[in-house]
Amino acid sequence: MKFSTALRQPLRRRLEKIGSADIVVGIPCFNNDCTLSHVIQTVEAGLNRHYPDRRCVVLIADGGSVDDSREEGDEVERSPWIERIITIYRGIPGKGSAVRAIFEGAHLLGAEVTLLFDSDLRSITPDWIKNMADAILNDSVDFVTPYYTRFKYDGTITNNIVYNLTRALYGYRVRQPIGGDFAFSLPLIKKYLPREDWETDVARFGIDIWLTTTAMVHKARIAQANLGVKIHDVKDPAEALGPMFRQVVSTLLMLMEENEQTWKSVKGSQAVPRVGQDMHIQPQAFEINVKKLIDDFKIGYTNWNEIWQKIINPKSWQTIVGLMDKTDEDFIFKTECWARIVYNLAAAFHHWKGNRQLIVDLMTPLYFARVASFVNCTRDMSDQEAEKVVEEQAEIFEQTKGYLVKCWNKEPEYYENIFSSPE
């Protein structure tokens, strides 16, 4: 079933009655009754403090929560000059459909700026609203991404693949492309809404990387807002991030297909300005189970080594074979090798005639190996020193981009010979 809109008629009538707004803050929600009230209170406090003369609407787009999220949100004390709307969106279940409802509402109201905040935030402050909105209201920016202060092992998907790839492909140094909290100008909202992606898996997952990539492809004016520490449930990548890796990377690779003519012509990258007051807060440290990461890589090797060998370039393949004999302490997977393997797999995804999700499954154990190596290399470093390592990685991905284009442009017959049985 296709959905021409994510807005239900009662919501549309209410928005038409409101008429217009300067600022819309959207909060996608699903079973977040423990944190939603805090997010609403903080958002409305920020609007009251920083924009008392602006017409503001807070729109909570719920995915049919079966806990008390909507009731908890409705019980938060209301400000008399801020409209708060809690609605169940229409469409494919997922954050993407919630974002679509928020964008449609903002467009209907003609909002100058639209902010998005996750409903499970524990560290949001009233100043987040100002740091993100001012860049659009005052500085003619179209798209604002978050810039968090993070512990060196937080955000391993971003640090080891998403930042590297988006920077190399599209030429913008957006440090946290999948941060989840964003701000948009009205002209950029108008570019998102007509797209057909709302009826794809983007509606279920991958919405954050889709939003960022689309802004880059449209050459939007981008800034990064200093937001300090993002406190959320800590996820050890050895335990929890395999499914998220698959979802994000699937979308990232599909966007490479869609935007091939754009990224192939991009050379180098440009710095993206940071806006808002810097918040000097120390992030919380946590441990990563390196042994489990390496064990999962070795299980992947046992299952996939024959097809890995067909896809991965010979020099990098020898590195992978050598990792099998390394101790946990000596397990080092160099960035140059990792970059070429990522590009080998991206090209294989491009040419694959069978179930493309299999390529992403093939990548996951290799990602675990890369994370284990990153931990070993940065174990004795400060967060700031580890950040320099991340930037060096991204530079290597940029320098190696010509290899990606070469692999991508190979004749389809080359991959047909590799994948004699694509299923």
Side-chain angles (χ1 to χ4, degrees), residues 2-8 11-12 15 21 23-32 36 39-40 43 57-65 69-70 73 84-109 111-121 124 128-129 132-133 136 142-146 174 176-218 220 222 225 244 247-248 250-252 254-255:
K2 288 195 172 185
F3 298 89
S4 60
T5 177
L7 298 181
R8 296 178 179 274
L11 172 59
R12 184 176 294 275
L15 292 172
I23 301 172
V24 168
V25 180
I27 306 173
C29 174
F30 182 68
N31 290 343
N32 298 115
L36 178 61
V39 175
I40 292 173
V43 163
V57 173
V58 176
L59 176 56
I60 297 94
D62 184 69
S65 296
S69 294
R70 294 188 299 279
R84 184 193 308 156
I85 303 170
I86 301 176
T87 185
I88 297 176
Y89 61 77
R90 174 181 289 157
I92 299 169
K95 181 181 176 182
S97 294
V99 171
R100 182 185 189 185
I102 292 162
F103 281 5
E104 289 181 345
H107 180 253
L108 196 61
L109 294 170
E112 193 174 345
V113 57
T114 301
L115 309 179
L116 280 183
F117 293 112
D118 285 336
S119 54
D120 61 351
L121 290 169
I124 185 172
W128 282 28
I129 286 77
M132 299 196 79
I136 291 176
D142 292 308
F143 181 58
V144 182
T145 67
V174 173
Q176 276 125 23
I178 55 173
D181 308 306
F182 302 104
F184 309 85
S185 70
L186 183 58
L188 185 57
I189 293 282
K190 291 178 179 178
K191 287 184 169 66
Y192 288 118
L193 282 175
R195 297 176 64 91
E196 296 181 358
D197 304 75
W198 301 111
E199 296 292 327
T200 70
D201 280 342
V202 164
R204 296 186 176 90
F205 53 76
I207 182 66
D208 294 340
I209 189 61
W210 179 79
L211 291 169
T212 300
T213 300
T214 303
M216 291 176 175
V217 169
H218 282 283
I222 304 175
M244 182 179 175
Q247 293 169 3
V248 171
S250 292
T251 307
L252 187 57
M254 286 188 287
L255 289 168

The side chain to side chain contact (heavy atoms under 4.5 Å, CB included) partners of Arg8 (sequence neighbours excluded) come to Pro10, Ile88, Arg90
Would you say Asp208's side chain and Gly206's backbone share a donor-acceptor pair under 3.5 angstrom?
-> no
Side chains of Val99 and Pro28: does their closest heavy-atom pair fall under 4.5 Å?
-> yes
Test side chain to side chain contact (heavy atoms under 4.5 Å, CB included) applied to Tyr89 and Thr5, step by step = CA-CA 9 Å; Tyr89 61 77; Thr5 177; over 6 Å; no
With rounding to the nearest 0.5 Å, note down the distance linking CD1 in Ile85 to CD1 in Ile27.
-> 12.0 Å
Hey, does Ile92 have a side-chain heavy atom less than 4.5 Å from the side chain of Glu199?
-> yes
Tightest non-hydrogen contact, residues Ala6 and Ser97, listed as CB-O, 3.8 Å
State, with a plain yes or no, whether a side-chain heavy atom of Trp198 is found less than 4.5 Å away from one of Ile207.
-> yes
Please examine the side chains of Leu115 and Phe182, heavy atoms only from C-beta on, and report whether any two atoms are closer than 4.5 Å.
-> no
Test side chain to side chain contact (heavy atoms under 4.5 Å, CB included) on Val217 and Leu255 and set out the steps.
-> CA-CA 10 Å; Val217 169; Leu255 289 168; over 6 Å; no
Calculate, to the nearest 0.5 Å, the distance between atoms OG and CD1 belonging to Ser65 and Ile86 respectively.
-> 10.0 Å
Rounded to the nearest 0.5 Å, the CG atom of Leu252 sits from the CH2 atom of Trp210 at a distance of 15.0 Å
Do you know which two heavy atoms are closest between Thr212 and Pro177, and how far apart they sit?
-> OG1-O, 2.7 Å
How are the rings of Phe143 and Phe184 set relative to one another: parallel (under 30°), tilted (30 to 60°) or perpendicular (over 60°)?
-> tilted
Flag, side chain of Ser185 to backbone of Ile136, donor-acceptor distance under 3.5 Å = no
Please tell me if the side chains of Leu7 and Leu15 come closer than 4.5 Å, counting only heavy atoms from C-beta onward.
-> yes
Write down the atom of Ile209, the atom of Val248, and the distance for their closest heavy-atom approach.
-> CG2-O, 4.3 Å
Shortest non-hydrogen contact between Thr114 and Ile102, atoms and distance | CG2-CG2, 4.0 Å
Give the intermediate values and the outcome of side chain to side chain contact (heavy atoms under 4.5 Å, CB included) for residues Thr214 and Lys191.
-> CA-CA 9 Å; Thr214 303; Lys191 287 184 169 66; 5.9 Å; no
Salt bridge (Lys or Arg N to Asp or Glu O under 4.0 Å) against Arg195, all qualifying residues, sequence neighbours excluded | Asp197, Glu258
State, to 0.1 Å, how close Tyr192 and Ala215 come at their nearest heavy-atom pair, and which atoms those are.
-> OH-CB, 3.7 Å
Validation row: Val202, Met254 side chains within 4.5 angstrom (heavy atoms) | no
How far apart are the C-alpha atoms of Leu193 and Glu104, what are their side-chain angles, what is the distance that settles it, and do they pass the side chain to side chain contact (heavy atoms under 4.5 Å, CB included) test?
-> CA-CA 7 Å; Leu193 282 175; Glu104 289 181 345; 3.6 Å; yes
Could you check Leu59, Ile60, Asp62 and say which one makes a side chain to side chain contact (heavy atoms under 4.5 Å, CB included) with Thr87?
-> Leu59
With sequence neighbours excluded, tell me which residues meet salt bridge (Lys or Arg N to Asp or Glu O under 4.0 Å) with Asp201.
-> Arg204
Asp142 versus Ala220, closest heavy-atom pair with distance | CB-CB, 3.9 Å
So, the side chain of Asp118 versus the backbone of Asp181: is there a donor-acceptor pair under 3.5 Å, distance only?
-> no
